[in-house]
> 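Supplied in structure tokens, the structure appears directly below.
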Amino acid sequence: MNQVTNVSQLEDISPGDWAFEAVRNLVERYGCIEGYPDRTFRGNRALTRYEFAAGLNSCLQQIEQLIARSGDNVTREDLETLQRLTQEFKAELATLRGRVDALENRITSLEANQFSATTKYSVETVIAAAQVFGEENAATGEDLDEQTTLGYRIRQSFLTSFNGKDRLRIRFQVGNMFDARGGSNMTNLNTFGSNSGNDVLLNKAEYRFPIGDRTMVWITAHNMNLDDVADPLAPYTNDPAVGALSGFGAYAPIYYTSYGAGVGVSHDFNKKFNFSGYYSAGNAGNPSHGSGFFDGQFVAGTQITYRPSANAGIGLVYTRSYFPGKDTGFVSGSVGSALADNPFQGNATSTDNFAIVGNWRIAPAFSIEGWAMYTRANAEGGSRDGDTADIRNWKLSFAFPDLFKKGNLGVLTVGNPPQAYRVEGGPEDEETAWFVEAFYKHQVNEYMSITPGFFVIANPENNRDPLWVGVLRAGFNF
């Protein structure tokens with residue numbers, strides 16, 4: 001706020017008010033009341049009185065300093081005027097000083113109890129009860145006899161900045177959630193890959209820093225994925241604590257396929273166009289042949305994103321990957337059929353993956369998001385050398401933000417999980433699998449949500465008996 005030295009500039013104060021002349025004299029003698037650049041006190045009458053009290057408080061403090069230095073600089077008449085003004089605005093001054101004292105106490109408490117001056121500590125906890133219903137195990141054809149499970153996943157993150165623009169992220173994870181319910185990865189939950197046997201493991205170690213105003217660079221020692229540097233454009237489904245219940249319903253499988261060490265970059269051409277790219281190696285820390293940063297499993301990818309507005313976006317995504325025979329389970333992101341994840345039955349595999357992703361919040365209470373993805377898989381060496389396979393999947397989600405209550409969310413999803421529709425020299429998926437999911441997130445408070453829901457897969461693993469998965473999830477973030 002600019003300093004005001006003439007009371008006539010404070011246009012909200014009426015010249016007919018008894019305080020007008022008193023304030024004018026004080027301001028012109030001591031230059032001690034602050035006003036706004038537009039020369040008014042803003043708001044309704046109550047707000048005006050509080051802001052006037054703030055200016056009066058400034059005069060009191062300045063005059064107290066003058067008295068402390070030399071009492072001759074302040075006249076008795078001015079002291080009597082101040083006394084009358086103080087009595088008139090007694091309630092406002094008391095409230096103002098109380099708020100200042102409370103704020104100072106709060107700041108002192110935060111400084112005394114903060115985790116670190118440079119590091120933010122956060123915890124995400126997911127607890128989920130799940131049950132698979134159906135006639136047969138999709139993989140074996142035997143009677144389905146799976147029991148209700150109750151599992152959890154906890155992630156603890158340490159976010160450190162050294163200059164206010166960079167960030168070091170160290171994340172630990174512990175959990176006991178099992179995957180592949182009912183004999184198919186199509187039934188994996190959004191927290192799949194979280195069974196650490198209750199052991200605490202390092203889940204993420206990355207450092208990012210800016211180059212100029214538009215470019216961000218990532219260096220990751222463990223667990224790098226494309227969605228670290230690029231936006232998957234799935235704002236209502238991608239979060240494991242409050243988004244989709246299923247792994248497939250979260251976001252496009254093209255973002256799942258690595259988990260190694262790597263480097264990445266994101267560059268904003270302007271407010272609407274962004275380019276992101278990364279390279280990640282699955283066994284970068286192993287110096288033996290067939291491993292290392294350049295001689296083993298890897299994924300390299302790019303994404304061009306266009307956001308015409310804050311409520312819409314579309315992205316074109318391409319990745320190139322290579323998986324040794326023992327690691328082919330990531331071909332379709334571990335959310336598709338067994339053939340889609342391992343089309344050449346253990347043979348080393350390379351893939352070219354293409355996807356278009358997008359979201360559009362059509363209205364405050366309605367949004368759509370989804371993707372379409374195609375993978376061309378190639379057998380590398382061995383008895384299947386030269387064989388190819390075509391893998392496809394798509395998803396469309398209809399989201400209803402603030403459904404029934406602000407902060408809540410309802411989502412309905414439909415799609416086809418990844419399947420190998422054509423495999424040269426081997427079996428292929430003959431029955432089209434259909435996926436439907438519905439969930440409702442109830443936001444209990446700022447830190448906790450409860451999400452009941454279900455998803456169903458028709459024709460999982462070419463088995464005509466559908467698999468139903470019921471889930472009740474609690475999510476905690478603080």
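The structure presented is a predicted model; accordingly, all values stated were derived computationally and were not measured.
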> From Q443 CD over to I450 CD1, what is the distance, rounded to the nearest 0.5 angstrom?
9.5 Å
> Would you say the ring centroid of Y256 lies under 6.0 angstrom from that of Y251?
yes
> Nearest 0.5 Å, what's the CZ-NE2 distance between F273 and H267?
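The distance works out to 12.5 Å.
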> Looking at the rings of F454 and F133, which for Trp means the six-membered one, are their centres under 6.0 Å apart?
no
> Could you measure the distance from the CG atom of N393 to the CG atom of N416? Nearest 0.5 Å is fine.
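Answer for the CG-CG pair, N393 versus N416, is 8.5 Å.
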> Side chain of N238, backbone of P232: donor and acceptor closer than 3.5 Å?
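Flag not set: sc N238 to bb P232 has no pair under 3.5 Å.
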> Give me the atom names and distance for the closest heavy-atom approach of R361 to P401.
NH2-CB, 3.7 Å
> Is there a donor-acceptor pair under 3.5 Å between the side chain of N225 and the backbone N or O of D227?
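No, the answer is negative, given that no donor and acceptor are paired below the 3.5 Å cut-off.
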> Take atom CH2 in W394; do more than 12 heavy atoms of anything else shown fall under 6.0 Å from it?
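It does: W394 CH2 has more than 12 such atoms within range.
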> Tell me, with the steps shown, if R422 and T388 meet side chain to side chain donor-acceptor pair (under 3.5 Å).
CA-CA 8 Å; R422 187 197 62 82; T388 62; 2.8 Å; yes
> Using the benzene-type ring in the case of Trp, are the ring centres of W371 and F248 under 6.0 Å apart?
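Distance test on ring centres: under 6.0 Å, yes.
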> Can you tell me how far the OG atom of S367 sits from the CZ atom of F400, to the nearest 0.5 Å?
10.0 Å
> Without swapping roles, check the side chain of D352 against the backbone of R320 for a donor-acceptor pair under 3.5 Å.
no
> Do the ring planes of Y318 and F354 sit parallel (below 30°), tilted (30 to 60°) or perpendicular (above 60°)?
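Taking F354 first and then Y318, their aromatic rings sit tilted (interplane angle of 30° to 60°).
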> Which residue, K204, R167, R208, forms the salt bridge (charged side-chain N to carboxylate O under 4.0 Å, His left out) with D228?
K204
> Do the side chains of V265 and V229 get nearer than 4.5 Å, heavy atoms only?
no
> Check V357 against Y255 and note the closest heavy-atom contact, atom names and distance.
CG2-OH, 3.7 Å
> A side-chain contact here means heavy atoms from C-beta on lying under 4.5 Å apart; do N477 and E124 qualify?
yes
> Would the F162 and F209 ring centres measure less than 6.0 Å apart?
no
> Taking E136 for its side chain and D465 for its backbone only, find out whether a donor-acceptor pair lies under 3.5 Å.
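Answer holds: no.
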> Could you measure the distance from the CG atom of L189 to the CZ atom of F455? Nearest 0.5 Å is fine.
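Nearest 0.5 Å value for the CG-CZ distance: 5.5 Å.
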> Can you tell if the side chain of I314 reaches within under 4.5 Å of the side chain of W360, non-hydrogen atoms only?
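No; the side chains remain at least 4.5 Å from each other.
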> Is there a side chain to side chain contact (heavy atoms under 4.5 Å, CB included) between F172 and F158 once you walk through the steps?
CA-CA 9 Å; F172 296 94; F158 298 84; 4.0 Å; yes
> Tell me, please, which residues at least two apart from F478 pass ring pair (Phe, Tyr, Trp, His ring centres under 6.0 Å).
none
> Quick one: does any side-chain atom of T375 pair with a main-chain N or O of A377 as donor and acceptor, under 3.5 Å?
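No, T375 side chain to A377 backbone: no donor-acceptor pair under 3.5 Å.
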> Answer yes or no: is there a side-chain heavy-atom contact under 4.5 Å between L339 and P427?
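A side-chain contact exists here, since the closest heavy-atom pair is under 4.5 Å.
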> Does D429 reach the main-chain N or O of E431 with its side chain, forming a donor-acceptor pair under 3.5 Å?
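Checked: no pair found.
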> Atom CG in L412, atom CZ in F398: separation rounded to 0.5 Å?
7.0 Å
> Quick check, are the ring centers of F269 and F275 under 6.0 angstrom apart?
no
> So, for I391 and A420, which heavy atoms are closest and what is the spacing to 0.1 Å?
CG1-CA, 4.1 Å
> Do Y421 and R392 make a side-chain contact, defined as non-hydrogen atoms from C-beta onward lying under 4.5 Å apart?
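They are in side-chain contact.
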> Got a sec: does the CZ of F178 have more than 12 other heavy atoms crowding it under 6.0 Å?
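Open: at most 12 neighbouring heavy atoms sit under 6.0 Å from CZ of F178.
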> Is the side chain of Q303 donor-acceptor paired with the backbone N or O of G315 at a distance under 3.5 Å, no angle test?
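Here the side-chain-to-backbone pair does not exist.
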> For the pair E206 and R171, find out whether any cationic side-chain nitrogen is under 4.0 Å from an anionic carboxylate oxygen.
no
> Show, in sequence, the C-alpha distance, side-chain angles and deciding distance for N462 and R464, and conclude whether the side chain to side chain contact (heavy atoms under 4.5 Å, CB included) test is met.
CA-CA 6 Å; N462 303 293; R464 291 180 179 269; over 6 Å; no
> Quick check against the 3.5 Å criterion: does N347 have a side-chain atom that pairs as donor or acceptor with the backbone of G381?
yes
> Please check if the side chain of Q419 supplies one atom and the backbone of A433 the other of a donor-acceptor pair under 3.5 Å.
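Side chain of Q419 to backbone of A433: a pair is present.
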> Do you know which two heavy atoms are closest between E461 and S184, and how far apart they sit?
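Here E461 and S184 meet closest at OE2-OG, 2.8 Å.
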> Please determine, by modelled atom types, if N286 and S288 share a side-chain donor-acceptor pair under 3.5 angstrom.
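Present: a donor and an acceptor within the cut-off.
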> What heavy-atom pair brings T413 and S397 nearest, and what distance separates the two atoms?
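Heavy atoms only, the tightest pair is OG1-OG, 2.6 Å.
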> Determine whether Y278 and V299 make a side-chain contact, defined as any pair of heavy atoms from C-beta on separated by less than 4.5 Å.
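In short, these two side chains touch, coming nearer than 4.5 Å.
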> Quick one: do R473 and T191 satisfy side chain to side chain contact (heavy atoms under 4.5 Å, CB included)? Show the steps, please.
CA-CA 11 Å; R473 179 187 64 200; T191 50; over 6 Å; no
> Is there a side-chain contact between N274 and S266 (heavy atoms, below 4.5 Å)?
yes
> Would you say the side-chain atoms of S161 and D166 include a donor-acceptor pair closer than 3.5 Å?
yes
> Assess whether side chain to side chain contact (heavy atoms under 4.5 Å, CB included) is satisfied between V335 and N185, documenting all intermediate values.
CA-CA 5 Å; V335 292; N185 283 341; 5.7 Å; no
> Look at atom CG of D213 and say whether more than 12 heavy atoms of other residues, nucleotides or ligands are closer to it than 6.0 Å.
no
> Counting only N and O atoms by type, is there a donor-acceptor contact under 3.5 Å from the side chain of D387 to the main-chain atoms of A379?
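Judged by distance alone, no pair lies under 3.5 Å.
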> Using every non-hydrogen atom in the two residues, find where Y152 and N176 come nearest and quote the distance to one decimal.
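Nearest heavy atoms, Y152 then N176: N-OD1, 2.9 Å.
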> Any side-chain heavy atom of K395 sitting closer than 4.5 Å to one from T237?
yes
